[in-house]
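Here the structure is laid out as structure tokens; the discussion comes afterwards.
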Amino acid sequence: MNAMNFAEPEERVALRKAASELARKYGHEYYAKKARSGEKTTELWDEAGRLGYLGVNLPEEYGGGGAGIADLAAVLEEFAAAGSPLLLMVVSPAICGTVISRFGTDEQKKRWLPGLSDGSKKMVFAITEPDAGSNSHKITTTARRDGSDWVLSGRKVYISGVDEADAVLVVGRTEDAKTGRLKPALYIVPTDTAGFEFKQIEMDLISPEKQFGLFLDDVHLPAEALVGEEDAAIAQLFAGLNPERIMGASFSLGTARYALDKAVAYANERQVWGAPIGSHQGLAHPLAQIKIELELAKLMTQKAAALYDSGDDFASGESANMAKYAAAEAAIHAVDQAVQTHGGNGLASEYGLGTLVTAVRLGRIAPVSREMVLNFVGQHSLGLPKSY
């Protein structure tokens, strides 16, 4: 999608249709049942991997589809719209796969990308720390040299899917870069490495993917664990963070579509005082407003993805932040209104909306908080003084 053409390419339209058909074969009932029982959505993940949907953004020479983040985001949106989103698509092929594709060595690409492409391997991403939060410049996870190898120590928190991952892409800093502005160093840490431990964080969020705290106690890594340059600067990190925001927006967009579709169907079917409840403006207008918000957020998400795929990292950063913000707000409004439209049925398990109330609220927090997006826009888009 270029600047003057708002229609998606035929190939992406076909991809959306195929991804939607696959996800609807499973649906929200499948997803919710797995989440409530503590199981994983393994069947959907494996089938999506076999059909090539998980690696559409990764290089063809390593088993991927050779397309861009716009296509992977379209797949995730369709899965979420069918009620079966796959959160690890955000981190495994989108963040980790992109970073390794752009900055990894040939050996790292050969070892990891084929598995990330077909879903047989999963890699998750660890940046957030207990005492750093949104201030990534305060990261204290530190790597020191041990000959040609590395020793990594630190803590991470709220890391998704560690229990089902083969490795974690850990963001740290080298020992001589403890102060001043963040110059991140990225390391691939297999989850069976000695000194690497993780503990589940109990959450009220109903999701197949769990959250974990990580403990890295003098974790010894070979030299080839380092991805890219030792003194990579912030650009290398944002090669993964911009796709994360785009995918987060797509996750929210799909969820908003799912909720809106449920609300519209119910508003057309439910009869009160001899007429469908959707004929009353008190319900029709809020649903129409959500449709508008959703379409606006989708346009910004597509713009961000198009800019990223064109190689314009800086411009895509602005759009990706805006898209993530707008899509999260649209999803919250959509789910809230869908519940209201259903009345008491909105929180009954059979209608498939109650589990989404907490899930969409997460969109205001992760992968970057609503407030930090506003800080970014104030400073970088409007030229206002830095406020933090």
- request: First locate atom CG of L353, then atom CD of Q337, and finally report the distance between them rounded to the nearest 0.5 Å.
  value: 11.5 Å
message: I'd like to check Y30 versus K34 (side-chain heavy atoms, cut-off strictly below 4.5 Å). Are they in contact?
response: yes
message: Both conditions, 6.0 Å and 45 degrees, for the charged tip of K386 above the ring of Y388: are they met here?
response: yes
Test side chain to side chain contact (heavy atoms under 4.5 Å, CB included) applied to I188 and I100, T193, L226, L221, the passing residue: I100
field: Contact check, side chains of D118 and L54, non-hydrogen atoms, under 4.5 Å
entry: no
field: Rounded distance (nearest 0.5 Å) linking atom OH of Y26 with atom NZ of K33
entry: 13.5 Å
- request: Would you indicate whether the side-chain heavy atoms of Y31 and L44 approach each other to under 4.5 Å?
  value: no
message: Check whether W112 forms a cation-pi arrangement with K121 (NZ or CZ under 6.0 Å from the six-membered ring centre, at most 45° off the ring normal).
response: yes
query: Any side-chain heavy-atom pair from W150 and R144 closer than 4.5 angstrom?
result: no
message: Taking I139 as the starting point, is it possible to reach L241 by hopping between hydrophobic residues whose side chains are less than 4.5 Å apart?
response: yes
- prompt: From T98 OG1 over to L58 CG, what is the distance, rounded to the nearest 0.5 angstrom?
  reply: 6.5 Å
- prompt: What do the steps show when you test E21 against K17 for salt bridge (charged side-chain N to carboxylate O under 4.0 Å, His left out), and what is the final call?
  reply: CA-CA 6 Å; E21 289 174 354; K17 183 175 184 294; 2.6 Å; yes
message: Do V124 and S160 make a side-chain contact, defined as non-hydrogen atoms from C-beta onward lying under 4.5 Å apart?
response: no
- prompt: Do the rings of F79 and Y53 sit parallel, tilted or perpendicular, given the 30° and 60° boundaries?
  reply: perpendicular
